[in-house]
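Some notes on the structure that comes next.
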Amino acid sequence: MPELIIEAERTEKNYWRDLWRFRELFYFLALRDILVRYKQTVMGIAWAVVRPLLTMLIFSVIFNRVAKLHAPAAVPYALLVMAGMLPWQFISASLAASADSLILNSNLVSKIYFPRLIVPASSVITSFVDFLITVALMAIMMAWYRFVPDWRLVGLPIFVVLAFAASIGAGLWLCALNVEFRDFRYIVPFVVQFGLYVSPVGFSSTVVPGKWRFLFSLNPAVGIIDGFRWSLLRGQPLIWWPDLINAILVTVILFFSGIWYFRRMERTFADVI
Amino acid sequence: MSDAIISVVNLGKKYALLHQEERAHYKTLRETLVKSAASLFRRRNELERARTREEFWALKNISFDVERGKVLGIIGRNGAGKSTLLKILSRITTPSEGRVTLRGRVASLLEVGTGFHPELTGRENIFLNGSILSMSHAEIRRKFDEIVNFAGVEKFLDTPVKRYSSGMYVRLAFAVAAHLEPEILVVDEVLAVGDAEFQKKSMSKMQDVASSTGRTVLFVSHNMIAVRSLCEQAVFLERGRLKHAGPADAVVASYLSESMESNPTPIWDNPATAPGNSIIRIRSISISDANDPKCIFLSMQTEIQIETEYTMFATKVLLHITYHLLNDQGITVLTTYSKPQVHSAGNYRAVCRIPRNLLNSGGYSLKLIIVQNENLAIYEKQDLASFNVEDTAQRDTAYMGREPGIVQPILEWSTEGPFQQGELRYGDFGQIQNR
C-alpha cells in the first residue's frame, strides 16, 4: 500500500517515480502542441519545412553575398548555415516555448496534480519534432550538393544530447521565473533575438577575433553549433576544444541548477500562477 | 495502524495578502500639499513598506480521518475553504502546516474538462484528458468505447470540441473523469453541470463508484440531498475552521440551521403599528417545528406549527383568522382558517399545524386575513411572515434535484406483475415479443 505524506516543508521522495508514472503525459502534451499548431492552416505541416528553408536562404544571402563571409574550403555556404541553424532553431524554439508553457497551461496547474516538470519538458519535445524535420531537410540539401559526411557523423548524437540538456536547463529557469515574474514574457524574446547575434548561426565561429573568443564560447550554443558543424561537415571548421569544454560545463550547470530551481519553486506554482 | 485511508492532522494553509496602505485623509490643503510632495521623494523601499502584508488562513486546525471505502461529504458556504482543502488533498498545492497521510492513489475531478483543448477532436481529447488524469494509454483504450457511449458523442468523435455544444462538451469531460479508477476520488460540484437527464446519469455513476467498488470518495457539494444520500460522513467547514464533523445527517442539519438567515418569528412591539386595527392587533407569528417549538429549521419531513398571538381590544366579537400560504412563485398553495369564535378583550393564541410530507421544498410567505362575523374581512396583509422548507430526505432514485410540484405528498404506490396473458382488466397487447 503506497503511503504518501503531505507536509509543509517536505520534498517528495517519489517525485521521480511520479514522473515515470506520468511518462505518457509527455507524449500527449507534445502531441497536443504539434496537432494544435497546424490546425486550420492551409499548408499544415509544410510550415515546418518552409520556415527553416526561408531563414537559411536569407542568412546565406546576407552573410555570404552581402557581408562577403566565406565557408571553409569545400563546404557550400548554405550547408554551413543549415548545420548551424539545426541546433539554434531547436534551442531558441525550446526556450520560447518552455518559458511560456506553464502560463499557457495554468488551468492544468491550478486544477490537477502531476509533476510540473512535464509541461516545460514536453514543449522541448515539441521543438525536437521540428528539429527532426529540419534534419531531414538537411539530408536532402546534402544530397543536392552531393556532400557526404564522414565518420565524424557518429559524434552528432552527443551534440544533440547537449542541445537537449541546455534547452531543458535554461527552459526550466525561464519557465519557473515566468510564473512569478511575468517580466520574463518580455525578456525571453529579447534573449532569443540577442542569442542569434552572439551565436555563430549565419557565420562560422572562425570569423570571431581571438580576444573575444573565450567570452564568445561561454554561450553554450557556440560549442553546440560548432559541434554540429564538425560532425556534419567532415570536420570543417575544426573544433576548438575550449569552446566545447565551456559548452559542456555551462550546459551541465544550467541543467542541474534548472531542475533544482524548478523543484524549489514548483510547490507554490498553483498559488501564484 | 488505523484503517484510515486519509488522515488529516492540524492542517493549515496560509496565504499572504498584499494591501496598499490606505491613504490617510488629509485634513487641510497645506497638509495635503506637504504630504504629497514628501511622497514624491519617498524611496522605493519605503513605498514597499507602505504595502502591508496580511496573513490569511484559508484553513486552520483541520483534523479528520476518512475510512477506506467511505464517502465523505464536505460542505460549507462559498469561501469556507472547501476548495483549498481539496487542492491540498489532491496535491495541487502544499499546506503551510500540519500533515496529510494518504494511503492510496488520488485522482481529482475539481473541474470537469480541465485540459480539454478546443482545437482537438473528441477522440484526441479523450486520450489527452485521460493521461492528464493519470490514466495509462492502455487503460484509456480499454475504456474508450465505454466513455464514448456514456457521453453519447459517437457521431462527433472526429469534430474539434470547440464545435461541440456546451452540453456535449461537459458530458464528454465527465465521461472521461468518471472512468478513472483511483483508490481515492475527489469530486467537486460535478452535479452542477448538464441537464437533469445527465445529472441523473452522473449521480448513479457516483453511487456505483462509491458503493460497488469500495473506493473512497470525497464529495463537495451544495446539494444537501445529494450529500445526505451519498455520504455516510460529512465535515462542515466555516471560514477555514472545522465546524462540525460526524454522520452526514447530523452535519447537514447543523449546516442548514446555521444557514437560516431571516428570523422567522416576527414580533410587533408597538400596538399602534402592529398588524391589525382598533379591534385586534397581532403580537407575533412564530413558525417552527411542531415537535420542537425552539427549532426553526423546517424540512419537508417535519410537521410545521404556525403560532399566532394576538390581542383583542373589543368584546363580543365573532372573529376568525385566515391564512393564505403562498410559495416562491406567488401561487397560493393553500388556505386555512381558525374556528370562528366570540372573543372578549384579552390575549389569545391560535395554533395551526401543517402536516409533514405535504409542502414541497422552497420559500413560503403568509398572507393574513382577519374575518369578522364569518364573512367580513376587516384586515388583510401580505408577507406577514415567511419561512423556508428544505428537502433533507434520502432519495431512492438517482435524481438529486428538486422535484417539480406545488405540493409533495407521499402517495401510496404498489406495482404488481408480470401477469399472464388475459389477466389485465382491460385486455392486453397479445403475445409479447421479448426484445
Side-chain angles (χ1 to χ4, degrees), chain A residues 1-12 14-15 17-41 44 102 104-116 118-119 122 179-180 263-273, chain B residues 1 5 7-9 11-16 58 68 84 87-121 124-125 127-140 160 162 183 186 188:
Chain A
M1 185 162 57
E3 181 171 303
L4 179 79
I5 295 173
I6 305 172
E7 275 180 325
E9 295 298 330
R10 188 187 182 99
T11 47
E12 285 151 40
N14 34 19
Y15 189 84
R17 208 181 59 201
D18 268 359
L19 207 59
W20 176 248
R21 201 158 63 76
F22 278 90
R23 65 191 177 278
E24 278 169 351
L25 193 53
F26 281 103
Y27 165 72
F28 279 113
L29 282 182
L31 183 72
R32 176 194 71 177
D33 290 343
I34 294 163
L35 283 174
V36 165
R37 191 137 41 122
Y38 300 113
K39 285 253 162 138
Q40 238 177 28
T41 59
L102 272 180
L104 293 179
N105 288 296
S106 58
N107 60 334
L108 290 188
V109 173
S110 55
K111 298 271 155 53
I112 297 172
Y113 168 79
F114 53 86
R116 310 303 188 203
I118 293 176
V119 175
S122 82
V179 170
E180 192 148 15
R263 293 277 332 263
R264 212 177 64 124
M265 302 308 289
E266 186 179 25
R267 309 163 55 77
T268 54
F269 279 168
D271 297 332
V272 295
I273 201 162
Chain B
M1 199 183 75
I5 189 164
S7 332
V8 176
V9 182
L11 195 69
K13 174 77 182 174
K14 177 175 69 178
Y15 287 102
R68 187 173 294 277
T84 309
K87 278 188 174 182
I88 293 173
L89 291 179
S90 49
R91 299 166 70 195
I92 294 164
T93 184
T94 51
S96 312
E97 60 175 40
R99 154 205 286 247
V100 178
T101 312
L102 300 171
R103 299 190 179 87
R105 237 186 354 144
V106 184
S108 56
L109 242 170
L110 293 198
E111 213 163 279
V112 290
T114 311
F116 263 40
H117 197 290
E119 296 284 351
L120 298 181
T121 66
E124 288 160 348
N125 265 312
F127 280 97
L128 174 67
N129 198 230
S131 69
I132 288 173
L133 295 170
S134 82
M135 272 195 247
S136 72
H137 195 169
E139 205 178 338
I140 302 167
K162 67 176 174 182
E183 281 116 5
V186 176
D188 191 2

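Note: hydrogens, waters and symmetry copies are ignored here, and every other heavy atom, side chains too, is used. Below, read A as the first sequence line, B as the second, and so on, with proteins coming before strands; counting in each chain starts at 1.
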Within this structure, what is the [atom1]-[atom2] distance for the pair [X] and [Y], rounded to the nearest 0.5 Å?
X	Y	atom1	atom2	answer
B:Thr94	A:Glu266	OG1	CD	10.5 Å
B:Leu128	A:Leu35	CG	CG	9.5 Å
A:Ile112	B:Lys87	CD1	NZ	11.5 Å
B:Thr101	A:Ile6	OG1	CD1	8.5 Å
A:Phe22	B:Leu133	CZ	CG	8.5 Å

Legend entry - Pairwise side-chain contact, B:Lys13 with A:Asp271, heavy-atom cut-off 4.5 Å (strictly under):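 B:Lys13 reaches A:Asp271 side chain to side chain.
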Inset, instruction - For the residue pair B:Ile92 and A:Val109, establish whether any side-chain heavy-atom pair is separated by less than 4.5 Å. - result: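 No, every pair of side-chain atoms sits at 4.5 Å or beyond.
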Legend entry - Any donor-acceptor pair under 3.5 Å from A:Glu24 side chain to B:Ser131 backbone: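 Answer holds: no.
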Which bit of [X] comes within less than 4.5 Å of chain A, counting heavy atoms only: side chain, backbone, both or neither?
X	result
B:Ser96	backbone
B:Thr84	neither
B:Glu124	side chain

Inset, instruction - Determine the minimum heavy-atom distance between A:Arg32 and B:Leu120, stating which atoms define it. - result: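 Smallest interatomic distance, heavy atoms only, reads CG-CD1, 3.5 Å.
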Inset, instruction - Give me the ring orientation class for A:Phe28 and B:Phe127: parallel if the planes are under 30° apart, tilted from 30 to 60°, perpendicular past 60°. - result: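 Rings of A:Phe28 and B:Phe127: parallel, as their planes differ by under 30°.
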Inset, instruction - Check whether A:Leu29 gets within reach of chain B through its side chain, its backbone, both or neither, counting any heavy atom under 4.5 Å. - result: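 Both backbone and side chain.
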Legend entry - Which atoms of A:Arg116 approach chain B - backbone, side chain, both or neither, heavy atom under 4.5 Å: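 Contact with chain B involves the side chain of A:Arg116 alone.
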